[in-house]
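Worksheet: the structure to be examined is printed underneath.
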Amino acid sequence: MSIYKILLADDELALRFLLTETLSDEGYEITEVEDGQQAIEQLQKASFDLVILDYMMPERTGVEVCEWLRQSDNANRDLPVILLTAKALDKDKEKAKAAGVTTYIVKPFSPLQLLDTVGHLLES
């Protein structure tokens, strides 16, 4: 089995820690960043299998990062993107979908729910 590489971008240290521990325990290799600009920089210099973005981050939002990724000629362009957010309004979901977000997970969520979603996206 190959090791899947995941980029995790969230400005909340405690949540990043929880998600990194949860995903690492399942054998995923995690690269953590704390804002949208750092996410773009990582996407420009490394290859990943999946991207997890927080909606509200400094520098660039998760939606802005996803828009940039989908419109770029980056090698990561077609990766599955999971957006984590406390914004549960339909207009926010529509904005995320228009940006090319694959899956939308509303906070608070269970780490097991995220694991299931990650596993499903990487297998399909």
Side-chain angles (χ1 to χ4, degrees):
M1 178 184 126
S2 65
I3 296 175
Y4 289 110
K5 294 169 63 175
I6 298 174
L7 176 62
L8 170 62
D10 196 305
D11 59 327
E12 197 176 319
L13 181 62
L15 183 60
R16 260 198 341 263
F17 177 79
L18 173 68
L19 296 181
T20 295
E21 289 297 302
T22 302
L23 293 164
S24 295
D25 285 350
E26 294 298 314
Y28 297 113
E29 183 181 316
I30 309 304
T31 300
E32 288 182 48
V33 297
E34 59 189 46
D35 67 46
Q37 187 57 43
Q38 290 176 1
I40 288 173
E41 290 164 9
Q42 282 298 320
L43 288 163
Q44 288 174 320
K45 64 182 174 190
S47 291
F48 295 94
D49 298 297
L50 182 112
V51 181
I52 301 173
L53 301 170
D54 183 28
Y55 195 125
M56 299 303 295
M57 292 186 288
E59 305 303 325
R60 303 241 194 147
T61 68
V63 168
E64 290 169 340
V65 172
C66 191
E67 281 174 338
W68 170 86
L69 182 61
R70 298 299 190 222
Q71 293 169 3
S72 73
D73 59 0
N74 189 287
N76 294 304
R77 173 184 186 158
D78 297 321
L79 294 183
V81 174
I82 298 173
L83 189 71
L84 307 177
T85 184
K87 294 165 110 11
L89 297 176
D90 284 342
K91 68 176 186 167
D92 296 315
K93 290 181 182 177
E94 288 166 19
K95 190 174 180 181
K97 189 173 183 182
V101 168
T102 312
T103 303
Y104 193 93
I105 297 179
V106 177
K107 295 177 184 176
F109 59 88
S110 140
L112 295 175
Q113 175 193 5
L114 180 68
L115 272 179
D116 286 348
T117 302
V118 166
H120 175 75
L121 289 172
L122 289 173
E123 288 165 17
S124 55

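Side chains are part of it too, since the values below use all heavy atoms of this structure and drop only hydrogens, waters and symmetry mates. Computed from a prediction, not measured in an experiment: that's the story for all the values here. We're numbering straight along the sequence, starting at 1.
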- Path from Leu7 to Val63 over hydrophobic side-chain contacts below 4.5 Å: yes
- Message: Quick check: is Leu84 connected to Leu18 through a chain of hydrophobic side chains (ILVMFWY, heavy atoms under 4.5 Å apart)?
- Response: yes
- Item | Verify same cluster id: Ile40, Leu69 (apolar side-chain graph, 4.5 Å) | yes
- Query: Counting only heavy atoms not in Phe109, do more than 12 fall under 6.0 Å of its CZ?
  - Reply: yes
- Task: Could you state whether Leu8 and Phe48 fall into the same hydrophobic cluster, counting links through intermediate Ile, Leu, Val, Met, Phe, Trp or Tyr residues with side-chain heavy atoms under 4.5 angstrom apart?
- Result: no
- Message: Just so I know, are the side chains of Tyr28 and Leu50 near enough to count as touching, which here means a heavy-atom distance under 4.5 Å?
- Response: no
- Nearest 0.5 Å please: distance from the OG1 atom of Thr61 over to the CD atom of Glu67. 7.0 Å
- Message: Assess the residue pair Arg16 and Asp54 against the criterion (salt bridge (Lys or Arg N to Asp or Glu O under 4.0 Å)); give the C-alpha distance rounded to whole Å, side-chain angles, the decisive distance to 0.1 Å, and a yes or no.
- Response: CA-CA 10 Å; Arg16 260 198 341 263; Asp54 183 28; over 6 Å; no
- Message: Can you tell me how the ring of Tyr55 sits relative to the ring of Tyr104, calling it parallel under 30°, perpendicular over 60° and tilted otherwise?
- Response: perpendicular
- Item | Contact check, side chains of Trp68 and Glu64, non-hydrogen atoms, under 4.5 Å | no
- Task: Kindly indicate whether the side chain of Leu23, heavy atoms from C-beta on, has any atom under 4.5 Å from the side chain of Leu115.
- Result: yes
- side-chain contact (heavy atoms from CB on, under 4.5 Å) partner of Ser47, the single match among Asn76, Asn74, Leu79: Asn76
- Query: Is it true that the side chains of Thr20 and Glu32 contain a donor and an acceptor less than 3.5 Å apart?
  - Reply: yes
- Drop me the distance from Thr102's OG1 to His120's NE2, to the nearest 0.5 angstrom. 10.5 Å
- Between Asp35 and Pro58, the two heavy atoms sitting closest are CB-O, 3.3 Å
- Item | Nearest heavy atoms of Ala39 and Val65, plus distance in Å | CB-CG1, 4.2 Å
- Item | Value rounded to 0.5 Å, distance of OG1 in Thr22 from CZ in Phe17 | 9.0 Å
- Task: Grab the two heavy atoms, one from Leu53 and one from Cys66, that are nearest each other, plus how far apart they are.
- Result: CD1-N, 4.1 Å
- Message: With heavy-atom distances below 4.5 Å as the criterion, would you say the side chains of Val81 and Arg70 are in contact?
- Response: yes
- Task: Determine the minimum heavy-atom distance between Leu83 and Ala96, stating which atoms define it.
- Result: CD2-CB, 3.7 Å
- Query: Within a strict 4.5 Å, meaning less than it, do heavy atoms of the Ile52 and Leu114 side chains meet?
  - Reply: yes
- Joint cluster assignment, Ile30 & Val51, ILVMFWY side-chain distance < 4.5 Å: no
- Item | 4.5 Å side-chain heavy-atom contact, Ile82 and Thr117 | yes
- If you draw a 6.0 Å radius around NZ in Lys107, do more than 12 non-hydrogen atoms from other residues or ligands fall strictly inside? yes
- Item | Flag side-chain contact, heavy atom, 4.5 Å: Lys87 against Met56 | yes
- Query: Nearest 0.5 Å, what's the CD-CD distance between Gln44 and Glu41?
  - Reply: 7.0 Å
- Query: For Gln71, does its backbone N or O pair with a side-chain atom of Arg77 as donor and acceptor, under 3.5 Å?
  - Reply: no
